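Below is one structure, written out as structure tokens; comments come after it.
Sequence lines set the chain letters: A, B, ... in the order given, protein chains first and strands last, and positions in each chain run from 1. It should be emphasised that the depicted structure is a prediction, and the values quoted were computed from it without experimental measurement.
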Amino acid sequence: MTIKLYNTKTRSRVDFAPIDPDNVRMYVCGPTVYDRAHLGNARPVVVFDVLYRLLRHTYGADHVTYVRNFTDVDDKINARAAQSGRAIGEITAETTQWFLDDMGALGALEPNHMPRATQYIPQMVAMIEELIAKGHAYEAEGHVLFAVDSWREHYGALSGRSVDDMIAGARVEVAPYKRNPMDFVLWKPSSDDLPGWESPWGRGRPGWHIECSAMSHELLGESFDIHGGGNDLMFPHHENEIAQSCCAHPTGDFARVWMHNEMLQVEGKKMSKSLGNFFTIRDLLDQGIPGEVIRFVFLSTHYRKPMDWTAEKEVEAESTIFGFIQIVADFCDFKSVDFCKPSQKVIDALANDLNTHVAVEQLKRLRDSSKGTQLACDLLFLGFFDREGLQRRSSEYQEVCALVSPLADRLQELRREAKETKDFTQVDRMKTELLAANISVMMSNDKVVLRPEKDFDLAKLEALK
RNA sequence: GGCGAGUUGGCGGAGUGGUUACGCAGCGGAUUGCAAAUCCGUGUACAGGAGUUCGAUUCUCCUACUCGCCUCCA
């Protein structure tokens with residue numbers, strides 16, 4: 001099977017061929033840890049989690065190396081520390097754990113490596129020295145800057161810009177010590193109240209971009225397969241990563257395939273604090289929206305299209321997931337799940353540039369044909385549940401069904417009598433109460449089946465007991 | 001201003017150079033004590049214009065609009 005992926009670098013869909021099938025390597029830009037992850041932060045995590053799962057399935061779980069960093073040195077963090085009076089390390093440690101917890105709730109597997117920027121300062125310093133030695137960077141007023149003119153003909157290739165275009169359209173304030181307005185910071189000086197490390201250029205801290213170049217090199221080598229992130233990172237972050245890495249390691253390719261997910265919107269608008277439609281994953285989880293529902297909404301839209309988070313979609317996803325659980329509860333043989341493979345249609349859909357929408361449609365087809373075991377298997381594969389969680393949800397549903405089952409017998413008995421007397425008052429009364437508790441009542445000729453639906457409320461059945 | 005992405009039926013959302021997914025909602029029918037579920041049937045969409053083509057929703061160009069990046073933000 002060939003996995004096809006859209007490569008931003010070439011703006012085309014390519015057949016994915018790993019450098020080393022025994023060690024497929026992927027790097028995804030992770031969060032800056034200063035606050036709870038918001039909904040938008042979660043999109044790349046979920047998207048690349050699906051890709052990670054597909055790669056593991058295709059090349060073997062032990063033959064994929066997935067790296068996602070934590071940026072734990074950044075001026076936003078410093079600002080947060082200054083404003084809250086808390087220690088930087090305390091903030092970053094806490095936020096890092098929040099991130100892992102929240103992403104775990106969305107079913108994201110943890111990457112093989114989750115490097116923290118602060119643990120790779122020596123590698124960054126070494127890389128910067130290399131860049132200076134090769135004439136791609138220069139020191140100025142305590143800063144070290146990357147000289148885009150030293151790589152002018154390549155710089156901007158990923159995002160489709162030329163240095164000249166960017167200078168023409170730039171709105172940035174240009175620091176006077178820059179040789180070219182587009183030159184970006186590799187290292188900057190730290191005052192005593194800011195975190196800093198000793199370096200050949202004095203006490204300072206790294207610029208934003210160098211960490212990804214240094215850490216991907218350290219953990220994945222000078223050439224690796226896939227680099228991912230949100231498309232807002234394309235410029236300048238990824239462009240600068242490429243410049244740094246390719247100039248420091250000219251014999252390597254750096255990342256061969258670049259993948260970018262589109263942005264997320266909320267009710268048709270950009271999620272932003274100023275619009276007041278900003279919320280975190282934790283906010284949603286606390287509202288009782290389960291992680292698998294959030295994941296389902298995400299996967300219903302292709303990753304390269306803007307995804308609109310709406311209350312309506314969330315509600316629909318919740319029903320759909322509930323419907324899956326019903327079918328799993330009724331038809332899944334959990335003993336077989338362990339030996340079950342994901343549907344070929346799901347794999348094919350994902351292999352087609354991560355067409356998660358089509359994969360999700362396949363789940364619905366399995367549901368409609370009551371293929372509970374296969375459905376369970378695919379739900380697990382796509383990360384909606386782990387095995388334990390799914391089995392628990394399934395059992396819980398079965399228990400509820402068992403509780404209402406005697407009522408079905410009673411209703412059937414009432415119905416049998418009513419058919420003789422032609423007086424259906426009692427039957428209808430009972431049915432109304434069941435419906436009010438969100439229990440579907442399905443009456444065939446000789447049988448009554450009660451099915452608790454989403455938001456069923458057994459408390460409302462007290463009157464029937 | 002520069003760069004990029006997008007515009008599909010009531011809504012959501014795939015996909016394809018020709019046979020017009022799918023989901024939800026809707027409508028008609030079968031079925032039902034009434035329903036539900038199910039089954040059958042049904043709605044003839046691809047922003048607008050021009051071009052390429054035997055034929056374009058699918059390719060090219062233009063226009064409009066939306067969104068993103070260029071500034072901390074995935």
Spacing of the [atom1] atoms in [M] and [N] (rounded, Å):
{"N": "B/C27", "M": "B/U60", "atom1": "C1'", "value": "41 Å"}
{"N": "B/A14", "M": "B/A37", "atom1": "C1'", "value": "28 Å"}
{"N": "B/G18", "M": "B/U53", "atom1": "C1'", "value": "11 Å"}
{"N": "B/G4", "M": "B/G51", "atom1": "C1'", "value": "25 Å"}
{"N": "B/U57", "M": "B/C46", "atom1": "C1'", "value": "4 Å"}
{"N": "B/C70", "M": "B/U63", "atom1": "C1'", "value": "25 Å"}
{"N": "B/U8", "M": "B/G23", "atom1": "C1'", "value": "15 Å"}
{"N": "B/G2", "M": "B/C62", "atom1": "P", "value": "14 Å"}

Atom-pair distance ([atom1] on [X]; [atom2] on [N]), nearest Å:
{"X": "A/Asp446", "N": "B/G33", "atom1": "CG", "atom2": "P", "result": "12 Å"}
{"X": "A/Glu417", "N": "B/G33", "atom1": "CD", "atom2": "C1'", "result": "15 Å"}
{"X": "A/Glu239", "N": "B/C70", "atom1": "CD", "atom2": "C1'", "result": "12 Å"}
{"X": "A/Arg43", "N": "B/C67", "atom1": "CZ", "atom2": "P", "result": "16 Å"}
{"X": "A/Phe322", "N": "B/A37", "atom1": "CZ", "atom2": "P", "result": "15 Å"}
{"X": "A/Asp308", "N": "B/U66", "atom1": "CG", "atom2": "P", "result": "16 Å"}
{"X": "A/Phe235", "N": "B/C72", "atom1": "CZ", "atom2": "C1'", "result": "15 Å"}
{"X": "A/Gln362", "N": "B/G13", "atom1": "CD", "atom2": "C1'", "result": "17 Å"}

Would you indicate what [X] reaches in the nucleic acid, counting non-hydrogen atoms under 4.0 angstrom: base, sugar-phosphate, or nothing?
{"X": "A/Ser319", "result": "nothing"}
{"X": "A/Met234", "result": "nothing"}
{"X": "A/Val449", "result": "nothing"}
{"X": "A/Lys419", "result": "sugar-phosphate"}
{"X": "A/Asp428", "result": "base"}
{"X": "A/Leu264", "result": "base"}

Using atom names, set out every protein N or O paired with an N or O of nucleotides 21-26 of chain B below 3.5 Å, distance rounded to 0.1 Å.
| unit_1 | atom_1 | unit_2 | atom_2 | d |
| --- | --- | --- | --- | --- |
| B/C22 | O2' | A/Glu361 | OE1 | 2.3 |
| B/G23 | O2' | A/Lys364 | NZ | 3.4 |

Symbol by symbol from the 5' end, with Watson-Crick or G-U pairs under 3.5 Å, [ ] crossing and | another strand, RNA chain B is (((((((..(((.....[...))).(((((.......)))))....(((((..]....))))))))))))....
Can you identify which nucleotide, out of [options], has its nearest atom closest to the [X] side chain?
{"X": "A/Ser440", "options": "B/A74, B/A36, B/A14", "answer": "B/A36"}
{"X": "A/Met443", "options": "B/A74, B/G33, B/G4", "answer": "B/G33"}
{"X": "A/Asp232", "options": "B/C67, B/C34, B/C73", "answer": "B/C73"}
{"X": "A/Met442", "options": "B/C67, B/A74, B/A36", "answer": "B/A36"}

List the atom pairs, donor and acceptor, that lie under 3.5 Å between side-chain atoms in residues 254-266 of chain A and the rest of the protein, sequence neighbours left out.
| unit_1 | atom_1 | unit_2 | atom_2 | d |
| --- | --- | --- | --- | --- |
| A/Arg256 | NE | A/Asp253 | OD2 | 2.9 |
| A/Arg256 | NH2 | A/Asp253 | OD2 | 2.9 |
| A/Trp258 | NE1 | A/Ala255 | O | 3.4 |
| A/His260 | ND1 | A/Thr8 | OG1 | 2.8 |
| A/His260 | NE2 | A/His238 | ND1 | 2.7 |
| A/Asn261 | OD1 | A/Gly230 | N | 3.3 |
| A/Glu262 | OE2 | A/Asn231 | ND2 | 3.2 |

Can a donor-acceptor pair under 3.5 Å be found between the side-chain atoms of A/His260 and the base atoms of B/A74?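 Absent.
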* State whether the distance check finds a donor on one side and an acceptor on the other, under 3.5 Å, for side chain A/Asn231 versus base B/G4. =>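 Side chain to base: no pair present.
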- request: Go through the steps to decide whether A/His38 and A/Asn41 satisfy the test side chain to side chain contact (heavy atoms under 4.5 Å, CB included), and finish with yes or no.
  value: CA-CA 5 Å; A/His38 64 244; A/Asn41 290 309; 3.1 Å; yes
Check your understanding: Are A/Phe324 and A/Phe384 close enough that their ring centers fall under 6.0 Å?
Key ->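 That pair fails the under 6.0 Å test.
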Notebook entry, point to check: Got a donor-acceptor contact below 3.5 angstrom from the A/Asn438 side chain to the A/Glu453 backbone?
Noted result: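 Side chain of A/Asn438 to backbone of A/Glu453, a donor-acceptor pair under 3.5 Å: no, none is there.
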Donor-acceptor pair, A/Asp72 side chain versus A/Ala117 backbone, under 3.5 Å?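 Checked: pair present.
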In terms of the nearest nucleotide of RNA chain B, which residue is placed more toward the 5' end: A/Asn352 or A/Tyr6?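 Final value for this comparison: A/Tyr6.
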request  = Please tell me which of A/Gly230 and A/Pro236 maps to the more 5' nucleotide of RNA chain B, matching each residue to the nucleotide holding its nearest heavy atom.
outcome  =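 Nearer the 5' end of the strand: A/Pro236.
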* Asked: Could you state the interatomic distance from CD (A/Glu396) to SG (A/Cys401), rounded to the nearest 0.5 Å?
  ->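 If we round to the nearest 0.5 Å, A/Glu396:CD and A/Cys401:SG are 12.0 Å apart.
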**Request:** First locate atom CD1 of A/Ile226, then atom CG of A/Leu5, and finally report the distance between them rounded to the nearest 0.5 Å.
**Result:**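 Interatomic distance, A/Ile226 CD1 to A/Leu5 CG, rounded to 0.5 Å: 5.5 Å.
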Non-hydrogen atoms of A/Val400 and A/Pro452 that approach each other most closely
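Closest heavy-atom pair between A/Val400 and A/Pro452: CG1-CG, 3.6 Å.
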Item checked: Partner of A/Glu413 by salt bridge (Lys or Arg N to Asp or Glu O under 4.0 Å), out of A/Arg415, A/Arg416, A/Arg410 ->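 Of all the options given, the one that passes is A/Arg416.
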Review point. Can you find a pair of side-chain heavy atoms, one from A/Asp149 and one from A/Arg179, that are under 4.5 Å apart?
Key: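 Not touching, per the 4.5 Å side-chain cut-off.
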Problem set entry | Geometric class of the A/Tyr52/A/Tyr66 ring pair [parallel <30°, tilted 30-60°, perpendicular >60°] |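 It falls in the tilted class, 30° to 60°.
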At less than 4.0 Å, is any side-chain N or O atom of [X] found next to OP1 or OP2 of [N]? Yes or no.
{"X": "A/Ser159", "N": "B/G4", "value": "no"}
{"X": "A/Lys305", "N": "B/U7", "value": "yes"}
{"X": "A/Asn41", "N": "B/C73", "value": "no"}

Can you tell me if A/Gln362 and A/Asp378 form a side-chain donor-acceptor pair at under 3.5 Å?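 There is no such pair between these side chains.
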